[in-house]
Every structure is written in C-alpha cells, then in structure tokens.
Amino acid sequence: MASYALVRSANFLLVVASIYFSPSSGVSQDVLATICGQTQNQETCEKTLQSDPRTISADPPILSLISLELTMKQVDMNFNAFSQFRDNTSDLALKIAFESCVTLYQNMKDILRADYKLSQQGKYDRITDLGQLTTLAYNCENGIPSSISPTAGITEDMLLIAQTAVYTNSYVAGS
Ligand SMILES: *[C@@H]1O[C@H](CO)[C@@H](O)[C@H](O)[C@H]1NC(C)=O
C-alpha cells in the first residue's frame with residue numbers, strides 16, 4: 001500500500017517535471033499572451049500565430065520565422081491587391097496613389113526578406129526595422145484620396161500582423 005502510493009506520487013512528480021522542465025514543450029499560452037498583449041488586438045494576434053500548426057510546438061527561433069512568414073504572406077496579398085486596384089481604376093489620382101502603395105509594399109517585401117535571413121542566422125538583435133512596416137502601410141493608406149477607402153480592411157490586417165511580428169521578434173531577441 002505504502003509503496004503503491006510512493007510509485008503514484010513519483011509518477012505524479014515526473015509528469016509535473018516534464019510539463020515544467022521539458023526543453024521542447026514549445027511556446028506556452030503565457031508566452032503568446034505576453035507577445036500579443038502588447039499589440040492592439042491580443043485575440044487576433046494569438047489566432048494569427050496559432051493559424052500556423054508549428055506554433056504549438058515551436059521554440060522561440062521557430063516562432064520568429066513563423067511570425068515573419070505570416071507577415072510576408074500578408075504583404076504579398078496586399079501587394080497583389082494594390083496592383084489590381086491600380087490596374088482596374090480609371091481614376092488617375094487613384095491610379096497614382098495605388099502605384100505608390102505597390103512601391104511601398106515592394107519596400108516591405110525587401111525589409112522582410114532581409115529580416116528573414118537574420119532570423120535564420122539567429123541574429124535577432126539586428127532585426128530592428130519591423131516597425132517600419134507599420135509606417136509604410138500607413139503611408140500607403142493615407143495617400144489614397146478617397147473618403148471610403150476600399151483598402152482600409154487589408155491595411156488594418158497589415159498593421160496588426162506587423163505589430164505581431166515586432167513583438168514576437170523582440171520577445172525572441174530577449175529570450
Ligand atoms: C480587378 O479586375 C479583375 C478583372 O475584372 C477582377 O477579377 C478583380 O477582382 C479586380 N480587382 C480589384 C481589387 O478590384
């Protein structure tokens with residue numbers, strides 16, 4: 001009886017130890033909350049990161065890559081959308097504004113490509129320009145001469161994923 005209880009409590013300790021000390025247990029909900037709590041929309045940030053199946057078992061380096069890949073995906077989507085808006089409109093002022101957005105999003109692609117390389121090399125402290133993505137997305141949207149912007153939604157999505165990447169990578173740099 002006594003030895004049975006001993007085995008049981010030893011098993012219990014092992015389970016507890018593996019939860020708390022396993023080096024490969026991945027990012028916890030606490031880590032996601034720490035990162036996403038700094039963005040304007042914690043819930044969307046967490047959902048976005050969790051949309052990648054690797055997140056649940058990701059260590060910080062993988063989480064950095066995931067955040068950058070998700071940001072690149074949104075930048076590519078917006079780049080294509082702004083290109084289409086530019087090609088579709090016959091309003092010259094709008095065409096110029098959308099063309100400027102295409103250029104800004106090309107800059108964002110270049111920034112992300114360089115940061116992705118730094119992340120792969122583990123040089124997280126050199127990933128310092130992700131905040132610029134927010135500025136460039138604002139510059140694009142603010143240039144559109146329309147009271148009801150057709151692109152406000154995708155700009156909003158871009159701002160949020162950019163914030164997610166900023167705080168993910170500053171977390172990884174400090175961890
Ligand atoms: C642009 O025009 C094409 C062809 O008519 C259409 O399929 C596409 O949805 C349009 N894109 C936008 C962003 O309006």
Side-chain angles (χ1 to χ4, degrees), residues 27 31-58 60-121 124 126-173:
V27 294
V31 169
L32 286 185
T34 299
I35 292 168
C36 291
Q38 299 174 83
T39 70
Q40 276 171 351
N41 189 330
Q42 178 170 349
E43 198 188 335
T44 305
C45 167
E46 289 180 6
K47 274 196 191 135
T48 304
L49 287 173
Q50 285 168 331
S51 73
D52 189 304
R54 291 170 298 170
T55 293
I56 194 147
S57 58
I62 300 293
L63 194 62
S64 167
L65 291 176
I66 289 171
S67 75
L68 294 173
E69 285 169 20
L70 290 167
T71 309
M72 286 163 134
K73 213 158 91 183
Q74 185 71 49
V75 165
D76 285 345
M77 276 170 51
N78 285 22
F79 178 91
N80 293 335
F82 281 111
S83 303
Q84 279 192 12
F85 277 116
R86 175 200 59 197
D87 295 342
N88 286 5
T89 187
S90 52
D91 178 319
L92 186 60
L94 271 178
K95 200 181 264 301
I96 291 170
F98 288 137
E99 173 59 22
S100 157
C101 286
V102 170
T103 305
L104 291 165
Y105 273 84
Q106 182 59 54
N107 293 347
M108 291 157 81
K109 284 190 190 198
D110 296 341
I111 288 171
L112 279 164
R113 197 170 301 134
D115 286 344
Y116 194 80
K117 272 203 192 114
L118 291 171
S119 177
Q120 285 177 314
Q121 296 164 352
Y124 306 109
R126 288 183 51 198
I127 301 178
T128 56
D129 53 3
L130 286 173
Q132 275 188 44
L133 300 178
T134 311
T135 309
L136 296 172
Y138 271 124
N139 288 350
C140 156
E141 189 63 34
N142 290 340
I144 294 166
S146 165
S147 49
I148 307 161
S149 167
T151 55
I154 60 171
T155 296
E156 192 69 25
D157 293 344
M158 186 62 234
L159 293 171
L160 196 62
I161 187 66
Q163 286 181 6
T164 301
V166 165
Y167 292 114
T168 300
N169 283 277
S170 64
Y171 171 82
V172 174

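Counting starts at 1 for both ligands and their atoms, following the listed order. Quantities reported herein were computed from a predicted structural model and do not represent experimental measurements.
At a cut-off of 3.5 Å, with distance as the only test, no side-chain donor of Gln163 or Thr39 sits close to an acceptor on the other residue.
Taking 4.5 Å as the limit, some side-chain heavy atom of Ile127 sits within range of a side-chain heavy atom of Leu130.
Atoms of ligand 1 found under 4.0 Å from any heavy atom of Gln84 (numbered from 1 in listed order, with element): 8 (C), 9 (O), 10 (C), 11 (N), 12 (C), 13 (C). If you number the atoms of ligand 1 from 1 as listed, the ones under 4.0 Å from a heavy atom of Asn88 come out as 1 (C), 2 (O), 3 (C), 8 (C), 10 (C), 11 (N), 12 (C), 14 (O).
For atom 4 (C) of ligand 1, the nearest protein heavy atom lies 4.0 Å away or farther. Taking a distance limit of 4.0 Å, we find that atom 14 (O) of ligand 1 is approached by some protein heavy atom. Counting only heavy atoms, the protein never gets under 4.0 Å from atom 7 (O) of ligand 1.
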Exercise. Go through Glu46 and Gln42 one step at a time and tell me if the side chain to side chain contact (heavy atoms under 4.5 Å, CB included) criterion holds.
Key: CA-CA 6 Å; Glu46 289 180 6; Gln42 178 170 349; 3.0 Å; yes
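Within 6.0 Å of the CD atom in Glu43, the count of heavy atoms belonging to other residues, nucleotides or ligands does not exceed 12. Around the NZ atom of Lys109, the shell of radius 6.0 Å holds more than 12 heavy atoms that belong to other residues, nucleotides or ligands.
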